[in-house]
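The next block holds one structure in the form of structure tokens; read it before the comments.
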Protein chains: 2
Amino acid sequence: MTPLIQSFVAHFGEMGSRWGINRTVGQIYALIFVSPRPLCADEIADALSYSRSNVSMGLKELQSWRLVKLRHIAGDRREYFEAPSDAWEIFRTLAEERRRREMEPTLSMLRSALLEVPTNDEDRVAQERMRGMHELIEMMSNWFDDIQRLDAQTLARLMRMGARVQKLLELTGQLKSGSKE
Amino acid sequence: MTPLIQSFVAHFGEMGSRWGINRTVGQIYALIFVSPRPLCADEIADALSYSRSNVSMGLKELQSWRLVKLRHIAGDRREYFEAPSDAWEIFRTLAEERRRREMEPTLSMLRSALLEVPTNDEDRVAQERMRGMHELIEMMSNWFDDIQRLDAQTLARLMRMGARVQKLLELTGQLKSGSKE
DNA sequence: ATGAATTTTCAGTAATTACTGAAACTTTGA
DNA sequence: TCAAAGTTTCAGTAATTACTGAAAATTCAT
């Protein structure tokens with residue numbers, strides 16, 4: 001590993017642990033991401049000085065997040081791993097997977113909590129707060145879903161617009177006032 | 001704690017660990033969030049059966065995330081803690097703090113990596129990928145910053161629009177074609 | 001200043017999570 | 001069907017992180 005790659009990999013190892021992801025997994029992904037060609041498990045274990053089995057676990061985790069693609073090379077039985085070279089695509093996958101793992105369980109917990117009939121003031125207030133949270137998370141979840149379908153270019157345009165989108169909304173609000181939104 | 005609140009608190013304890021946040025901190029915040037009035041450390045320790053010192057640590061962490069507000073009650077020396085009752089506000093704080101803790105260090109690492117002059121093909125490719133990632137993260141970081149300034153209502157409108165925003169962009173793209181955007 | 005009420009720190013311990021090496025399993029070519 | 005190449009599982013151990021209780025520090029009324 002060159003020093004450039006080494007520092008990139010190290011950074012993602014540390015960052016990883018601020019997420020749910022562990023150091024090994026972060027480093028493996030960083031390495032695959034910057035590699036010009038797919039890597040096999042042994043190469044990864046070698047480069048990072050981790051045991052073969054640890055790398056195997058890490059790759060399985062990355063697969064469960066759908067962040068790596070498998071490749072096969074003719075005449076070679078080993079599996080090779082590759083990341084999308086487009087950071088947008090990675091981000092999209094990550095967002096979708098987080099929605100599924102973090103938002104959905106919370107939404108279903110909140111939904112069932114909101115079905116309960118509160119029998120005291122404490123529960124009444126609690127439910128009120130939960131309702132607000134449910135509303136927010138549901139909205140964001142749907143929004144993620146919509147965003148998912150935009151192509152990178154449109155999304156980039158939307159982001160570059162930033163706060164100016166507000167102006168646009170005000171404008172269309174006027175144009176469409178009276179219609180369904 | 002009522003069963004309703006208990007299940008909410010338990011859920012956030014478990015969810016917390018999928019984030020960087022630990023179980024205790026997640027539970028403390030959940031409890032504060034649904035409480036109709038500010039709580040003091042002893043009440044929290046009591047409700048969750050954690051040691052007073054553990055709760056103290058947890059509250060400190062929540063303060064470092066700026067997720068709790070301190071309140072004082074006349075004639076009572078203890079500090080009371082409260083969460084914004086508006087989930088939007090919480091989300092905004094969280095997003096800002098994550099940007100600061102996760103995006104900024106990564107951006108600065110990437111920036112310095114991109115300043116290096118690559119001396120071989122491996123580094124050249126790696127830098128190319130890093131450039132893509134830098135572009136994406138920087139764009140998102142700026143966008144978060146912009147979003148920050150929108151009021152909840154506008155943001156909600158934007159989200160409810162979802163993918164339809166694409167149509168809007170196409171429209172304005174036509175209107176403005178030739179101008180600076 | 002004194003001391004009671006409260007909060008924080010910290011060293012030690014418990015619990016959890018990460019990692020390894022060996023063994024089991026799978027796949028494929030001869 | 002066998003054996004070689006490759007991958008996964010898993011029990012045990014290492015490393016990390018969470019938690020506690022006791023002691024120290026802080027705050028504030030007198």
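Letters A, B, ... are given to chains in the order of the sequence lines, protein chains preceding strands, and every chain is numbered from 1. Scope of the values below: all heavy atoms of this structure, side chains included, with no hydrogens, waters or symmetry mates. Everything quoted here is computed from the prediction, not taken from an experiment.
Partners of Glu43(B) by salt bridge (charged side-chain N to carboxylate O under 4.0 Å, His left out), not counting sequence neighbours, listed by chain and number: Arg37(B). With sequence neighbours left out, Met57(A) forms a side-chain contact (heavy atoms from CB on, under 4.5 Å) with no residue at all. Considering only residues two or more places apart in sequence or on other chains, Arg77(A) meets the salt bridge (charged side-chain N to carboxylate O under 4.0 Å, His left out) condition with none of them. Annotation: side-chain hydrogen bond (donor to acceptor under 3.5 Å, both in side chains) contacts of Glu96(B) (sequence neighbours excluded): Arg99(B), Gln148(B). Every residue meeting the side-chain contact (heavy atoms from CB on, under 4.5 Å) condition with Glu138(B), not counting sequence neighbours, appears here in chain and number order: Leu107(B), Arg111(B), His134(B), Asn142(B).
Rounded to an integer number of Å, the gap from CD of Glu43(B) to C1' of dT7(C) is 15 Å. Counting to the nearest Å, the P atom of dC28(D) and the CG atom of Asp76(B) are 12 Å from each other. Spacing between atom OH of Tyr80(A) and atom C1' of dA5(D) amounts to 12 Å, rounded to whole angstrom units. Summarising the geometry, the separation between CZ on Phe81(A) and C1' on dT7(D) is reported as 9 Å, rounded to the nearest angstrom. One interatomic measurement links the two molecules: CG of Leu70(A) to P of dG6(D), which rounds to 16 Å at whole-angstrom precision. The interatomic distance linking Ile21(A) (CD1) with dT17(C) (C1') rounds to 15 Å, in whole Å. Counting to the nearest Å, the P atom of dT9(D) and the CG atom of Leu59(A) are 12 Å from each other. The nearest whole Å value for the distance from the NE2 atom in His72(A) to the P atom in dG6(D) is 12 Å.
Pairs engaging residues 16-27 of chain A under the salt bridge (charged side-chain N to carboxylate O under 4.0 Å, His left out) rule: none recorded [sequence neighbours left out]. Sorted by first and then second residue, the pairs that involve residues 46-63 of chain A and meet salt bridge (charged side-chain N to carboxylate O under 4.0 Å, His left out), not counting sequence neighbours, are Asp42(A)-Arg52(A).
Of the charged side-chain nitrogens involved, none lies within less than 4.0 Å of a carboxylate oxygen, so that Glu89(B) and Arg92(B) do not count as a salt-bridged pair.
At least one side-chain heavy atom of Ile32(B) sits under 4.5 Å from a side-chain heavy atom of Leu59(B).
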Atom pairs, protein N/O to nucleotides 19-25 of chain C N/O, distance under 3.5 Å:
| from | atom 1 | to | atom 2 | distance (Å) |
| --- | --- | --- | --- | --- |
| dC19(C) | OP1 | Arg23(A) | NH2 | 3.2 |
| dC19(C) | OP1 | Thr24(A) | OG1 | 3.2 |
| dC19(C) | OP2 | Thr24(A) | OG1 | 2.1 |
| dC19(C) | O5' | Asn54(A) | ND2 | 3.4 |
| dT20(C) | OP2 | Ser51(A) | N | 2.8 |
| dT20(C) | OP2 | Ser51(A) | OG | 3.1 |
| dT20(C) | OP2 | Asn54(A) | ND2 | 3.2 |
| dG21(C) | N7 | Ser53(A) | OG | 3.3 |
| dG21(C) | O6 | Ser53(A) | OG | 2.7 |

Could you list, one pair per line, each protein nitrogen or oxygen that sits under 3.5 Å from a nitrogen or oxygen of nucleotides 24-26 of chain D, together with the distance?
none

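Of the residues near DNA chain D, Gln63(A) and Ser17(A), the one whose nearest nucleotide (by heavy atom distance) lies more toward the 5' end is Gln63(A).
Phosphate proximity of dT9(C) to Lys60(B): present, with a side-chain N or O under 4.0 Å from OP1 or OP2.
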